[in-house]
Amino acid sequence: MPSDITFYLLAALTLAGAVAAMSLRNIVHCVLCAAGAFAGLAGIYLQLNAEFVGVAQLLVYVGAVAILLVFTILLTHGADVKLGSALISSGWKTGLAISALVLVCLVVPVLTSPGLRHEAASGVVAPMMQKIGEQLMGQCVLPLETTGLLLTAALLGAVVIAMNDKTAAGPKTGVPPNHEAGKEPGLR
Amino acid sequence: MLGSGIIRGMIETGRNFVGSYFVKDRLTTVQYPEEKLAPQENARTIPFLVYDGDDAAAGLRCTACTICEQECPPKCIYIIKDKAKKPDFVGKMQLFPAVFDIDISVCMSCGICAEVCPFESIKMDQVFTLSSDTRFGSLLLHKEQLAKSNDYFRKIHPTDATAIDAERAETKSKAEAKARAAAAAPAAPAVPAAPTKAVTP
Amino acid sequence: MSNLDQVFVTLLHWVVGLVPASLQPWVSTLVIILAIMTVFGTCFALTTILERKILGRMQNRYGPNRVGPCGLFQPVADGIKMLTKEDIVPFSSDQVVHFLAPLVLTIPIWLAFAVIPFGRNMTAIDLNAGLLFFFAIGSASELAVFMAGWAGQNKYSLLGAMRAVAQMISYEVPLVLAAVPVVMLAGSLSLNDIVQAQSGYIAGGLPRWNVLTPWGLAAFIMFLIAATAESNRSPFDLPEGESEIIAGYLTEYSGFKYALFFLGEYMGLFAITSLAVTLFLGGWHAPLPVLEWLPSWFWFGLKFSALIFGFIWIRATLPRLRLDQMLSLAWKFLVPLALLNLLAAAVWHWSGQCRLFPGSMAVRWLVCAAILVFPGIRLGRSLNGLSATPRQYRYAK
Amino acid sequence: MTTPLSHYLVLSALLFSVGFAGAVLRRNVILVLIGIELMLNAANLNFIGFWRYGAHPEALTGVMFAIFSIAIAAAEAAVGLALVIAIYRHRRTVQVDQFNSLKG
């Protein structure tokens, strides 16, 4: 029984974090709730005996992506959100309807289809670090190398895009932006 | 070589660490309340009044001339003269202060009062544990708390004290010689002249 | 002598034995948690006082000796002071993040102790991805540091948090890379297997510890440098550089929350030190076969305290690094050397199999050492070159 | 392990729709990115769920998929946020509605 309680606990934590991440006004709180949701998900993976994925999720999402999001917020002064601005875009009713529709068409097949009801999970999997290593290096060595290539490309691309291009527009682009609400600064 | 600076630094602190347990004179800290460093002779904190002999009221050297009161830059000395007079160390009748207060929270230990005092009566003390619980009451020292014996003075400022004592002894002996001469002279011509009034030097 | 070695394990089984069968798993984990917390709690108290005394002795002064016999009750005094101090929360800060930051920092670090083997079969949980779990927990503390810096809503703490996060991220890469050759040679991520791989002695004398191999020594030094940076200590304590930005991300904290940060920092140091002992100094193995009779957890404690003394010694000696020096040291010196170390470890492993000629052990040592030393010095010289360029000052226009 | 597979799938469906709603409704571009991350995580949860309850867990295909998808999601997040910073530098705003002019 204890594994049920932990599952429901972690599921509640993850869902609460996700909903809070999408609905709070202060962006920094949103990112922290999102990090909470990712950590809850890592807990669920660990509970599903997928140790490596759970720990990787913890390392990548809670450790790196959350910090990345926070740095972006600080670099784009998104934190001091002007109080007047609306939280949700204008046509929110249709958006909400569509997402409800998405939810329904996902949940209905899950609940009705007979195949997904089997109770007991298939036996405890043996320690699988070695097997993951062999699979990574054996069967999926091509995806591994391409992911490595992709990660380096993404690394360089991100740096080049986000770099403060002093050369192109001269040093003055480094001037901190002005904060008056609504005043449209001249497009450079 | 890479990192050699770090290694040299580590050896230095390592030697300090090991040495501090074996070489006693490496650690120079004085554990204050238990061990106390003897103060320098010319250290000064707040003034005090010197008295001769053992009775503070009688032997007080101060003659309430209020020069120190006028000279004190922060004006922290307050004197009221007493009506009566008492003989000083030479036997001459001198005034003495009824009230002699020093506000040590105002005093800035400049030592000017000690310099200007003609009667060597106010000197600079070396005691520094002056803190007290009441802010105003106990930081205003009265004549009784200020008066300290001459041998205390001799203990804390040995050179000045001996010089002053020698000088006072000399003036005292000169005064006595004159007094004896005056006493002898009137004995001789006492017959022809009327008795003169008391001799004032 | 083995019962002395297993004294804690037998104690645990005895305590668990007292409880009915259904509760036994819960009670055993509870007892283990309690044990780890008390041991490292007292270790924390001791280290605060020992650190100040050792620092004092290295600077030709005594260090705190007023509270208790030669200052041993100082942590009690510090604790009472910390707990009774008023816990000021600045008005403009958002209370939730301000309150959560110390918790998010300290709780993961306590989790990190779950995977560390303190003695022969004295590991709380033997995850087979133990090392990865440890680094994942370590990386969660960056978010907490940012939360602390952000919560105060003041420039100094945000600046301190930015420095701290930049430092911790850029030093996590060499930290993980330094641990990779150990995993390569041990063939497993589980810390128990890594300690097992370091058992046994060469020719009855030298223990088979990783630190005695050329790549192991280089990885150990890099691991220690990255560990000091990861726990914001001594030459890398830029985040709370007192002279520059008050107390960095700790500026807005006082009383109990400040004590929690203090605890978090020291627990981080203990976790990283025990990992260094497990990875490089042969965990709980005795250095010489003749010393086998001493219990295994005693050896772990000895190596642990030796490393802690080393950290304090470094703190007493080295001045603080400038921000650009610190970052260039990480990216331009440690990361390339760590990658090179992988190569050296591979050569070491490969040359281990083939016994070409009798003196091959010494040649093998020299070859691997050469792969590391010459580029290291070359990189080091370029590092000094970095700071040799005169600093340009941009005055406000 | 008595919790059936459908619970995990319902949870991932919920996560997916919350992420989708956030990405569609919120105006701040950073929250759109967080929404996308949530959707990706929901997909990962499905992979691991099916792997764990699947016929032969020793095949590890689900785990492989999840690992690669986490790595790629991290790369995508990095590039996405770099784009946000670049856009911010020219537009001085992060409100999604104001990215309407295709002018360079």
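Everything quoted here is computed from the prediction, not taken from an experiment.
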In terms of heavy-atom pairs under 4.5 Å with chain D, which of [options] leads?
{"options": "A:Val159, A:Leu144, A:Leu150, A:Leu103", "answer": "A:Leu103"}
{"options": "A:Ala34, A:Cys140, A:Ala56", "answer": "A:Cys140"}
{"options": "A:Gly95, A:Ala21, A:Pro143, A:Gly157", "answer": "A:Pro143"}

Using every non-hydrogen atom in the two residues, find where [X] and [Y] come nearest and quote the distance to one decimal.
{"X": "D:Ala74", "Y": "A:Val65", "answer": "CA-CG2, 4.3 Å"}
{"X": "D:Tyr88", "Y": "A:Leu75", "answer": "CE2-O, 4.0 Å"}
{"X": "D:Arg26", "Y": "A:Cys30", "answer": "NH1-SG, 4.4 Å"}
{"X": "A:Tyr61", "Y": "D:Asn41", "answer": "CE1-OD1, 3.3 Å"}
{"X": "D:Ala75", "Y": "A:Leu151", "answer": "CB-CD2, 3.6 Å"}
{"X": "A:Leu69", "Y": "D:Ile34", "answer": "CD1-CG1, 3.8 Å"}

Is any side-chain heavy atom of [Y] closer than 4.5 Å to one of [X]?
{"X": "A:Val102", "Y": "D:Phe16", "answer": "yes"}
{"X": "D:Trp51", "Y": "A:Leu48", "answer": "no"}
{"X": "D:Asn44", "Y": "A:Val53", "answer": "no"}
{"X": "D:Leu60", "Y": "A:Phe52", "answer": "no"}
{"X": "A:Thr76", "Y": "D:Ile30", "answer": "yes"}
{"X": "D:Leu38", "Y": "A:Met22", "answer": "yes"}
{"X": "A:Thr147", "Y": "D:Ile67", "answer": "no"}

How far does [atom1] of [X] sit from [atom2] of [Y], to the nearest 0.5 angstrom?
{"X": "A:Tyr8", "Y": "D:His7", "atom1": "OH", "atom2": "NE2", "answer": "4.0 Å"}
{"X": "A:Gln47", "Y": "D:Ile48", "atom1": "CD", "atom2": "CD1", "answer": "13.0 Å"}
{"X": "D:Leu31", "Y": "A:Ile27", "atom1": "CG", "atom2": "CD1", "answer": "5.5 Å"}

Report which part of [X] has an atom under 4.5 Å of a heavy atom belonging to chain D: side chain, backbone, both, or neither.
{"X": "A:Ala64", "value": "neither"}
{"X": "A:Leu101", "value": "neither"}
{"X": "A:Val19", "value": "both"}
{"X": "A:Ile132", "value": "both"}
{"X": "A:Val31", "value": "both"}
{"X": "A:Leu41", "value": "side chain"}
{"X": "A:Phe71", "value": "neither"}
{"X": "A:Leu136", "value": "both"}

Would you say D:Arg52's side chain and A:Asn49's backbone share a donor-acceptor pair under 3.5 angstrom?
no
Note to self: Show, in sequence, the C-alpha distance, side-chain angles and deciding distance for D:Leu11 and A:Ile44, and conclude whether the side chain to side chain contact (heavy atoms under 4.5 Å, CB included) test is met.
What the structure shows: CA-CA 11 Å; D:Leu11 173 66; A:Ile44 291 177; 3.4 Å; yes
Show the atom names and distances, to 0.1 Å, of all donor-acceptor pairs under 3.5 Å that link a side chain in residues 17-25 of chain D to residues at least two apart or in another chain.
| unit_1 | atom_1 | unit_2 | atom_2 | d |
| --- | --- | --- | --- | --- |
| D:Ser17 | OG | D:Ala13 | O | 3.2 |
| D:Ser17 | OG | D:Leu14 | O | 2.8 |

